Every structure is written in C-alpha cells, then in structure tokens.
Amino acid sequence: MRRKMVIPTVLLIVVLVGGGVLAFIDGSETKSAAAAPASPPVPIVAGVVAQHDVPIYLTGVGTVIAYNTDVVRSQIQGQLFSINFTEGQAVHAGDLLAQIDPRPYQAQINQYIANRDRDQAQLQNAVANLDRYTQLESKGYAAPQLVDTQKAQVSQLQNAVKSDAALIDAANVQFSYTRLTSPIDGVTGIRQIDVGNIIHPTDANGLVVVTQVEPISLIFTLPETDLPQIQQQQKTKEPLTVLAYSQDNTIKLGQGMLRLVDNEILQTTGSIRLKADFPNKAHRLWPGELVNARLLLDTRHDGLTVPASVVQQGPKGAYVYVVNQDGSVAIRPVTVAQISDGQALINSGLQANEQVVVDGQYKLQPGTHVTILQGQAADDAAAQSAQREPIP
C-alpha cells in the first residue's frame, strides 16, 4: 500500500518541476524579445518620377563615309617641280597642289606654233598664186591643169593649218596637266611623293588623297523589325532626324537627316542599312569613324522617366523599389520603353511624382524601412555603389 502511494507522489513532483522550468524559459524568451531593439532604417538615395516630353530613338552602329574621296594622280610623266600644300590642309576645288616641270611641254607647244605659222605663210603664198593662175587661165595664158593643181595645194595647206591648230590644242592640254589641282573641296591626306621625283600616271598611290568631309554621310544598321516603324514615320514627317554620338555615348558629334533606307534587307544579319547626311561644319565626324547612331522616331508627350539605375531586373522582369508614405519600400513591376542618356522611359507601373529608390537596392526587401540620404551623403553613397558594380 505504501509503495502505491509513493509513485503518484513522485510523478506529481516531476510534473510541477517541469512546468516551472517551462514557465521560466518562456518568460526569459519573452523578456529577450521585448528587450531586442527594432532594425534601423536602411539609408538609400531616392528620386522622383519625372513627367516630360521624351524623344523615342532607334539606336544602331554606323560608319562615317566621305561624300567623295579622290586620289590625285598625274596624267603625264615628269619631274615633280614643287609641292604647294601641307598635309591635312583644307583645300578647295581648283587649288594648286603640285607642279610638274613644264619646260618640255612648253617647248612642244612652241614647236607646234612654229609649224602652224610656217604652214599659214605657205597657204598665203598658195592663195596668191591661185589668184594669178586663175586670171591667166581666163585669158588663155595658163592651162586648166595648172589652176587645178594650185587649188589642190591651197586645200592641202588649209588642212595642214587645221592640223597644226589641233596639235597646239593637244599640247596645251598636256601642258595644263603639269598643274596638279584638287578636284573637290576637302582635306588632304598624307603626301605620297616628294619634290624632285619622277611622277607617273601609273603610280598606284598618286600624289595625295583628298577627302570631302563637308557635308558627310553616315551608314548605319538597324534590326529589320524596326523597318515598319520607320516607314510609318516617313509617311507623316520627312526627313527623320539622326544624331551621331561617340562610341561611349558621351559626345554628340552631329545632327543630320535620314536620306536613304536601303532597298533590301541583309539576310545574313537580319538588318537594314540606312544612310544619313550631316552638314559637319565643325568636322567632328571623320571618314571611317565608328559611331553610334540614334534615329529620332517619335516624341512621347508627358512621358514618365526615372534614372536608369532605378530599374532592376528579376526573375519576373523589370521592377523598381517605390518608397511608401510610411517610409517603407515596396516592389513595383514596370515595363520599360527605352533607356537613353541615363534615363529610363517607363511604359507602365509608375505614376508621376512617385518616390523611387535610385541607389541602395541591394540592402532592401519589401517592407524595409528606409532613410533618404541628401546632398553629399547621397553623392558618396552613389559613388560607393558604382565601385561595387562589376566592370563590363
């Protein structure tokens, strides 16, 4: 009987002790949780969704092409007498570039002139004799055969004078070739021959290359999928504007007009070639230069833009962090029309004047409370973020 009473008593003691222990542990955790401080707000750089007119561009890569490129070659052989230009000089059509020794060609002209004068003197004498023979023949003192022979001689000398005149003209043309002039307005390149050398018409490199740079052309390519949009815009406004930028898109090189859409699509690349003309008064576009081309297709009125760094990419596409009124952030999916000059044009997902996170997204989760940096602190945070970005 005593044994049966001891067992329940022991069990009761164990239960009471266990409950006390659990109560103690639960109380300790509650106090710890209450004592733990709230997470501090995450510092971020914020911006506002702007609303303004935004140009819509189609971007491609192109090569600058000179309007005209001429190799100045000699059309005669001779010793190069003088060089009358400096390398890289801007020249006009007709400007003297070099002079070939003209003395041999001047001597030939003088010879042909002397031959013409001799034949003219003989012609005058033959005409005078023909007049005399004609008078004698009318009186019966000269045979008709003598008159006919004299007429033939006059005709022969007349044609000799004409031949002399033609030879003089040809010699003058050869003499004019001793002056090597620029055929176009442009810029000279590297001189290919020095003074004193013999220049030939068959010289492959000629004297110098003159390249026209004002105006100038740009040939660039766009995906063939852009062709319907271009054709549609060409019906409403002509011509379309084209902007040329340096390869890093930091320097605007010129503004021109679209002149040509090629008549066929390049099957190997699935692209279409386009040609634009630029006035190039400042000579910032140079033949052979590789540039980025922007075709101004349209203008989005009252478009919404944010800095390009606002837009993040996730498994479900593009999104941004929007700052709520209570200082927390939320993820907002967006669709982006284009990114140009560091600004992203938003098609949907944002409203004008909403506050978005520009920098500091890597520390955020939906619902995180943030504090917005201002002034120098915002600039320092942006610089640190740029250092963390991988080098492309």
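What you see is a predicted model, and the numbers here were worked out from it, not measured in a lab.
- A side chain to side chain contact (heavy atoms under 4.5 Å, CB included) with I83 holds for exactly one of V208, L207, L97; it is L207.
- With a 4.5 Å cut-off on side-chain heavy atoms, I230 and L274 count as touching.
- The 12-atom threshold is not exceeded at CZ of F81, counting heavy atoms of other residues, nucleotides or ligands nearer than 6.0 Å.
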Worksheet item: side chain to side chain donor-acceptor pair (under 3.5 Å) between N110 and Q106: does it pass, once the steps are laid out?
Response: CA-CA 6 Å; N110 294 338; Q106 182 63 58; 3.2 Å; yes
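- When all heavy atoms of F220 and A276 are compared, the pair lying nearest together is CE2-CB, 4.3 Å.
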*asked:* One pair to check against side chain to side chain contact (heavy atoms under 4.5 Å, CB included): L240 and Q234. What are the steps and the verdict?
replied: CA-CA 7 Å; L240 300 179; Q234 284 183 317; 4.1 Å; yes
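- The line from CG of N84 to OG of S82 is 4.0 Å long, rounded to the nearest 0.5 Å.
- Between the side chain of Q355 and the main chain of N324, no donor-acceptor pair closer than 3.5 Å is present.
- Separating the CD1 atom in I65 from the OG1 atom in T211 is a distance of 11.0 Å, to the nearest 0.5 Å.
- Taking 4.5 Å as the limit, some side-chain heavy atom of I109 sits within range of a side-chain heavy atom of F175.
- The two atoms that bring V64 and I216 nearest to each other are CG1-CD1, 3.4 Å, heavy atoms only.
- No donor-acceptor pair closer than 3.5 Å links the side chain of D148 to the backbone N or O of Q145.
- Counting only distance, with no hydrogens or angles, the side chain of Q174 and the backbone of Y105 share no donor-acceptor pair below 3.5 Å.
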- [ ] Show your working on salt bridge (Lys or Arg N to Asp or Glu O under 4.0 Å) between D164 and R116 and close with a plain yes or no.
- [x] CA-CA 5 Å; D164 293 335; R116 182 200 60 189; over 6 Å; no
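- Listed for the D203 side chain is no donor-acceptor partner under 3.5 Å among the backbone atoms of N205.
- Put simply, the side chain of R300 reaches to within 4.5 Å of the side chain of N347, judged on heavy atoms.
- For the pair T181 and V72, the tightest heavy-atom approach, listed with the atom from each and the gap, is O-CG1, 4.2 Å.
- To the nearest 0.5 Å, atoms CG (N263) and CZ (R273) are separated by 9.0 Å.
- With hydrogens and angles disregarded, no donor-acceptor distance shorter than 3.5 Å links the side chain of Q233 to the backbone of Q231.
- Here the shortest heavy-atom pairing between I272 and E264 reads CD1-O, 3.3 Å.
- Taking every heavy atom of both residues into account, S271 and I265 meet most closely at O-CG2, 3.3 Å.
- Using a distance-only test at 3.5 Å, with no hydrogens or angles considered, no donor-acceptor pair links the side chain of Q153 to the main chain of T149.
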Applying side chain to side chain contact (heavy atoms under 4.5 Å, CB included) to L123 and V154, what does each step give before you reach the verdict? CA-CA 6 Å; L123 175 61; V154 169; 3.9 Å; yes
Verdict with supporting geometry, N249 and N292, side chain to side chain donor-acceptor pair (under 3.5 Å):
CA-CA 7 Å; N249 284 319; N292 291 327; 3.1 Å; yes
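- Sparse packing is recorded around CD of Q232, with 12 or fewer heavy atoms of other residues, nucleotides or ligands lying under 6.0 Å away.
- Pairs engaging residues 192-202 under the salt bridge (Lys or Arg N to Asp or Glu O under 4.0 Å) rule: R191-D194 [sequence neighbours left out].
- A salt bridge does not link D95 to R179: none of the charged side-chain nitrogens sits closer than 4.0 Å to a carboxylate oxygen.
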Which is it for S217 and D277 under the side chain to side chain donor-acceptor pair (under 3.5 Å) test, yes or no, and what are the steps along the way? CA-CA 5 Å; S217 297; D277 293 341; 3.1 Å; yes
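- Geometrically, R332 does not engage Y321 in a cation-pi contact, judged by NZ or CZ lying under 6.0 Å from the ring centre and within 45° of the ring axis.
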- Stepwise salt bridge (Lys or Arg N to Asp or Glu O under 4.0 Å) test for K162 and D119: CA-CA 10 Å; K162 291 180 181 180; D119 291 338; over 6 Å; no
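- Checked by atom type and distance alone, the side chain of Q89 pairs as donor or acceptor with a backbone atom of T86 at under 3.5 Å.
- Annotation: side chain of V210 is in contact with side chain of V91 (closest heavy-atom distance under 4.5 Å).
- Side-chain atoms of T178 do not come within 3.5 Å of backbone N or O of D101 as any donor-acceptor pair.
- Among all heavy-atom pairs drawn from R284 and E289, the shortest one is O-OE1, 3.6 Å.
- Remark: side-chain polar atoms of S155 are not paired, donor with acceptor, to backbone N or O of A152 under 3.5 angstrom.
- Interatomic distance, CG of L253 versus NE2 of H283, reported as 14.0 Å (0.5 Å rounding).
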Practice problem: Before giving the answer on side chain to side chain donor-acceptor pair (under 3.5 Å), spell out for T305 and H52 the whole-Å C-alpha distance, their side-chain angles and the decisive distance to 0.1 Å. | Solution: CA-CA 8 Å; T305 61; H52 54 90; 2.9 Å; yes
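- Counting heavy-atom neighbours within 6.0 Å of R103 CZ, excluding the residue itself, gives a total of 12 or less.
- In this structure, CD in Q212 is found 4.5 Å from CG in N68, a value given to the nearest 0.5 Å.
- At least one donor-acceptor pair closer than 3.5 Å links the side chain of Q312 to the backbone N or O of S309.
- Distance check: S163 OG to N115 CG gives 9.5 Å after rounding to the nearest 0.5 Å.
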